[in-house]
Amino acid sequence: MIDKEVNIPSTKQAFSSESGLRWDNIYFIGIGGIGMSALARYFFANNKLVSGYDKTPTAITDGLVGMGISVHFEDAIAHIDARFLNLEKTLVVYTPAIPENHKELMYFINHGYKVLKRSQVLGLITENTYCLAIAGTHGKTTTTSILGHLMNQCQVPLTAFLGGISENYNSNLILNGAEVSVVEADEFDRSFLTLSPNLACITSMDADHLDIYGNASELEKSFKDFLKKIKPNGKLFVRNGLPLNGITYGIEDDSNYTIQNIRIKNGCYVFNVKTPTQVWEDLEFSLPGRHNLLNALAALSMAIEYGCDKNTLIKALASYKGVKRRFTYQIKTEDLVFIDDYAHHPEEINAVHQAVREMYPNKRVLAIFQPHLYTRTRDFINEFAKSLSQFDELLLLDIYPAREMPIQGVTSSWLLEKVNNKNKQLVKKDALLTEIKKSEAQVILTIGAGDIGEQVKYIKKELSIAN
């Protein structure tokens, strides 16, 4: 992966609203990534010429093209619009997932263009704003999306960069001003160390990305390094139980902000929130799962500390619809439920399982899981096996490699052997629909961070016909 040191211009020179952006053209290498595409939308909205490359077409790249952003899918200098081959006017933004031998990236680096990582650009954009940043190995995308929605409904002049597509806005960017920024602070590749937040939140610090960090202690150290980036007089919010000092939030505990008296009415949570000064009663939130209640509380706590209006926040929380591929209902009838979720870590799978069992305690559940990355599968093989054993049935797809080359012996067959479930099967994508139709499960889940999301529309169509 590329990790070239580049000369970063001053924020005011590059990105301040007073002077405008220094560069007229912004070229993205890996434009279809969820974080990259949010930046592409941001620059396009700021009247910059935007274009880019990605490996394959997706719904995200289709959306960018529909906006008027040119995207191509072959790594070739010849496909770059000539307007972006202007050294003085072009900024090149790339994702660390791009391989070292990428022709376009090497061309721009070798010819002296300004080349920055996505995280560096995000740091520059948000540096002179009042920044609210959410970090954590799980929950940061949903929490960021909730916070962006809450503050937008409170008419805060903000730009929110989300790590998923918000169901409320059908976008990974909320653009309603430039004074405040709400950002997902990504620990992968230590990207969040480019940020300087006023309010920061850490939702979780479970071991992950061990291909980057090597061990859990190094990952924990990076979170502590992130805390050092908080601006003077800033505040830290932490889920109760984490080994960090800050404003705590939790469920039915002694946290500074805590959820109490949880009920379920008409498929939604109803609960009270105890703040440091008062109790808010009968709040409503529609996303299933205790993990999502924690995400909602984290966002609510930050919005309260920022100074948002109580009544507006309560209404905004009730109107929040979720993030695509985060416990997203594709079919929801009395006889059949089909849910799609991005979960790709054992703790995330456990959270999905808890939510499903709470909402559908007497129904048979089929989980279809696609492991993401050989290293993650290897590092958490026993934890994956335990989490997947909880479902009534399991269909397991091959490992999605993403940026990685295969590792000998690390396969879905190895994982399947460790799963303690008699109703388990390894299946190829082209046989997936056939196997799903054989199941008598009333609740069907697709789980994973790879390209399993591209199968959802076909599964939904087939199930709709059968139902």
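As a basis for the values below, the full set of heavy atoms in this structure was taken, side chains included, without hydrogen atoms, waters or symmetry mates. Bear in mind the structure is a predicted one, so any value in this text is a computation, not a measurement.
The aromatic rings of H344 and H372 sit perpendicular to each other, their planes meeting at more than 60°, with 30° as the lower class boundary. Aromatic ring pairs are classed by plane angle as parallel below 30°, tilted from 30° to 60° and perpendicular above 60°; the pair H149 and Y320 is tilted. Ring-plane geometry between Y360 and Y329 is classed as perpendicular, the angle between the planes exceeding 60 degrees on a 0 to 90 degree scale with a lower cut at 30.
Less than 6.0 angstrom separates the ring centroid of F161 from the ring centroid of Y42. Separation of the H138 and H291 ring centroids does not fall under the 6.0 Å cut-off.
With values rounded to the nearest 0.5 angstrom, K418 atom NZ is found 6.5 Å from I381 atom CD1. Here the CG atom belonging to L147 is positioned 11.5 Å from the CG atom belonging to N295, to the nearest 0.5 angstrom. For the atom pair Y113 OH and T90 OG1, the distance stands at 6.0 Å (nearest 0.5 Å). Summarising the geometry, atom CD1 belonging to I349 is positioned 11.5 Å from atom CZ belonging to F380; distances are rounded to the nearest 0.5 Å. The structure places CD1 of I146 at 11.0 Å from CG of L162, a figure rounded to the nearest 0.5 Å. One finds the CZ atom of R378 at 13.0 Å from the CD atom of Q408 (value rounded to the nearest 0.5 Å).
Here the side chain of E184 pairs a donor or acceptor atom with the backbone of G163 at under 3.5 angstrom. For the pair T143 (side chain) and K140 (backbone), a donor-acceptor distance under 3.5 Å is absent. A donor-acceptor pair is defined here as one N or O able to donate and one able to accept, closer than 3.5 Å; no such pair exists between the side chain of N152 and the backbone of G148. Side-chain N or O atoms of R239 include one that pairs as donor or acceptor with a backbone N or O of T203 at under 3.5 Å. In this structure, the side chain of S145 does not engage the main chain of T141 through any donor-acceptor pair within 3.5 Å. Remark: the backbone N or O of S319 is paired with a side-chain donor or acceptor of N168 at under 3.5 angstrom.
Considering every non-hydrogen atom in both I165 and N170, the closest pair reads CG2-C, 3.7 Å. The nearest pair of heavy atoms linking L463 to I436 is CD2-CG2, 3.9 Å. Across every non-hydrogen atom of D54 and G30, the tightest pair is OD2-C, 3.1 Å. Summarising the geometry of I202 relative to Y249, their closest heavy-atom pair is O-OH, 3.8 Å, with the distance given to 0.1 Å. Nearest heavy-atom pair, H102 versus Y53, reported as atom, atom and distance to 0.1 Å: NE2-CE2, 3.1 Å. Scanning all heavy atoms of the two residues, the minimum distance from S387 to N350 falls at CB-OD1, 3.1 Å.
Checked against L445 for a side-chain contact (heavy atoms from CB on, under 4.5 Å), the options D341, I368, V352 give a single hit: V352. Exactly one of Y94, F84, F43 qualifies for a ring pair (Phe, Tyr, Trp, His ring centres under 6.0 Å) with Y27. That residue is F84.
A salt bridge is defined here as a Lys NZ or Arg NE, NH1 or NH2 lying under 4.0 Å from an Asp or Glu carboxylate O, and R376 with D379 fails to meet this definition. A salt bridge between K424 and E393 is absent, with no side-chain N of the basic residue lying under 4.0 Å from a carboxylate O of the acidic one. K438 and E435 are joined by a salt bridge, as a carboxylate oxygen and a charged side-chain nitrogen come within less than 4.0 angstrom of each other. Salt-bridge formation is detected for the pair K428/D398: a Lys NZ or Arg NE/NH1/NH2 atom is positioned less than 4.0 Å from an Asp or Glu carboxylate oxygen.
With no hydrogens or angles considered, a side-chain donor-acceptor pair links N172 and R41 at under 3.5 Å. Using modelled atom types, one finds no donor on one side chain facing an acceptor on the other under 3.5 Å when comparing S196 with E127.
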**Request:** Determine, stepwise, if the pair F369 / F391 fulfils ring pair (Phe, Tyr, Trp, His ring centres under 6.0 Å).
**Result:** CA-CA 11 Å; F369 178 58; F391 299 99; 9.2 Å; no
**Request:** Decide side-chain hydrogen bond (donor to acceptor under 3.5 Å, both in side chains) for T129 and E179; before the verdict, give the C-alpha distance in whole Å, the side-chain angles of both, and the deciding distance to 0.1 Å.
**Result:** CA-CA 5 Å; T129 69; E179 296 176 24; over 6 Å; no
**Request:** Could you walk me through whether V180 and M151 pass side chain to side chain contact (heavy atoms under 4.5 Å, CB included), step by step?
**Result:** CA-CA 10 Å; V180 175; M151 297 186 71; 4.3 Å; yes
**Asked** Which is it for F327 and L287 under the side chain to side chain contact (heavy atoms under 4.5 Å, CB included) test, yes or no, and what are the steps along the way?
**Response** CA-CA 8 Å; F327 213 91; L287 266 63; 5.9 Å; no
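With Y342 as the aromatic partner, R325 does not meet the cation-pi criteria of under 6.0 angstrom to the ring centre and within 45 degrees of the ring axis.
Screening residues 443-460 for side-chain hydrogen bond (donor to acceptor under 3.5 Å, both in side chains) gives D340-T446, Q370-D451, K429-D451 as the qualifying pairs, with residues at least two apart or on separate chains.
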